[in-house]
Protein chains: 2
Amino acid sequence: MRQGTKHKIMDSAERLFAERGFSDTSLRLITSHAEVNLASVNYHFGSKKELIQAVLMRYLEAFMPQLDRAMQAHLDSEQAPSLDDIFNAFVEPLLSMNEQRKHGTSLFLLLLGRGYTDSQGHLRKFITHHFGEVLDRFQAAVRRAYPQLTEAEMFWRLHFTLGTVVFTMASSAALRDIANADFNEQVNVETLIRKVIPYLAAGVGAPIQQQ
Amino acid sequence: MRQGTKHKIMDSAERLFAERGFSDTSLRLITSHAEVNLASVNYHFGSKKELIQAVLMRYLEAFMPQLDRAMQAHLDSEQAPSLDDIFNAFVEPLLSMNEQRKHGTSLFLLLLGRGYTDSQGHLRKFITHHFGEVLDRFQAAVRRAYPQLTEAEMFWRLHFTLGTVVFTMASSAALRDIANADFNEQVNVETLIRKVIPYLAAGVGAPIQQQ
DNA sequence: ACAATTTTCAAACAACTGTTTAAAAATTAC
DNA sequence: GTAATTTTTAAACAGTTGTTTGAAAATTGT
């Protein structure tokens, strides 16, 4: 076999999950795209749910260590980082997803978005359980850049940020078409990521309101 | 009957759609919650798709005119509005959804989020088709507050904004539980909306990058 | 080469989906 | 009060879903 059945399933699944969401993607659709037998999903992964986790895990295991190294660097540096620095540290790990798989960056962010909106809160627990220390380090880096921000306020602003990224990517294909048609602007994933970073940094860095 | 079948269906449907998404909410689930016969959905609405549109439309028809008036005021005012002014203009129309229905604000934003992520781009067309002029006026108000922002850049930043709001609301129940547990912070929809506005205004108002 | 193991395959499973039907019931109009 | 209309109901429809089965095929170890 040119490529293992297991990998063929995951490759087809991730593309279809990203396009149509988890519950709108049937195993029959996945297996026909992958040109494998229907039963092989249950044989190799056990269930559809475990296939979804496997697809997400493959990306997270590649992404998280890279992000962690970047956050460590910002924690260890002499000078406190700016929020722009911190969010820019996401760019390289995200773009590196394109190396291991074509359109990897989009697919990864798309899947993240799907995971957060399709199943209510499951993904959050999944990620914090497996990569809690990485997220802690990210949070610590943000605290170093903006110490006046209270813990609670940071919690909310970082979730706003997650929402911005996840939603933008979930609808990025459609939005890019519109941008192309209306402004004759060719936008690829990288330029989109670079567009969103100043927005995020400014949002997280917004002055603190008293209420 | 105390309440018409049509309304009972819509009330149950909107709650379930918001909780579980459109395709994970079956007509049998809706009709059993509403305590009406299964076939009444097709009798009153024609199809599931038309039920979804009806549920969304009920909110949009109440929300959009209010938003439009607020935007008109910002366009007609002597002084150019700030971005904070503009985004604060959303607060009252959003909160007024709570008057016409319990948890109306959350449900409305939840449904908006579902509509954008579940079906790819359908909702966008639906809204721009029915409420295009309102969105145009919103865009004009933003332009008045930040004239240096190019048309294309504004397009992206407003979609970042939509993403922030929509995603935050989609996971707001879970997040509010966490905030309550971790920071002993009681967050209702109104305080959450007031928290997100400085973030959005700062994001949209971020300095322009040259690339 | 043969035996043991792993993987593939077509078929069937039971449960669920949105929708349609035609008769019963309730409501409205006169 | 009775006829016409609207609404509700239970049942069935045809199609899809994830999963399981047991035999066939392919691969591996010796």
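In what follows, chains are A, B, ... by sequence order, proteins preceding strands, each numbered from 1. Below, all heavy atoms of this structure are taken into account, side chains as well, without hydrogens, waters or symmetry copies.
Taking 4.0 Å as the cut-off between side-chain N and carboxylate O, A:Asp11 and A:Lys6 do not count as a salt-bridged pair.
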Please set out all donor-acceptor pairs under 3.5 angstrom arising from side-chain atoms of residues 155-162 of chain A, sequence neighbours excluded.
{"unit_1": "A:Trp156", "atom_1": "NE1", "unit_2": "B:Glu185", "atom_2": "OE1", "d": "3.2"}
{"unit_1": "A:Arg157", "atom_1": "NH1", "unit_2": "A:Val204", "atom_2": "O", "d": "3.0"}
{"unit_1": "A:Arg157", "atom_1": "NH1", "unit_2": "A:Ala206", "atom_2": "O", "d": "2.6"}
{"unit_1": "A:Arg157", "atom_1": "NH2", "unit_2": "A:Pro207", "atom_2": "O", "d": "3.3"}
{"unit_1": "A:His159", "atom_1": "ND1", "unit_2": "A:Phe155", "atom_2": "O", "d": "3.1"}
{"unit_1": "A:His159", "atom_1": "NE2", "unit_2": "A:Arg124", "atom_2": "NH1", "d": "2.6"}
{"unit_1": "A:Thr161", "atom_1": "OG1", "unit_2": "A:Arg157", "atom_2": "O", "d": "2.9"}
{"unit_1": "A:Thr161", "atom_1": "OG1", "unit_2": "B:Tyr199", "atom_2": "OH", "d": "2.7"}

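In this structure, A:Ile52 atom CD1 and D:dT17 atom C1' are separated by 13 Å, rounded to whole Å. As a whole-Å value, the separation of A:Leu51 CG from D:dG18 P is 10 Å. One interatomic measurement links the two molecules: NZ of A:Lys6 to P of C:dT8, which rounds to 11 Å at whole-angstrom precision.
Taking B:Phe17 as the reference, B:Phe22 meet the ring pair (Phe, Tyr, Trp, His ring centres under 6.0 Å) condition, with sequence neighbours excluded.
No cation-pi contact links A:Arg58 to A:Phe63, judged by a cut-off of 6.0 Å to the six-membered ring centre and 45° from its axis.
A close approach under 4.0 Å does not occur between any side-chain nitrogen or oxygen of B:Asn37 and OP1 or OP2 of D:dT7. Contact annotation: B:His44 reaches the phosphate of D:dT8 (side-chain N/O to OP1 or OP2, under 4.0 Å).
In this structure, B:Leu175 and B:Thr168 approach most closely via the heavy-atom pair CD1-O, 4.5 Å.
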_Nucleic acid footprint by protein, nucleotides 13-21 of chain C - heavy-atom cut-off 4.0 Å, B for base, S for sugar-phosphate alone_ = ----BBBBB

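Looking only at distances, a side-chain donor or acceptor of B:Lys48 sits under 3.5 Å from a matching main-chain atom of B:Thr25.
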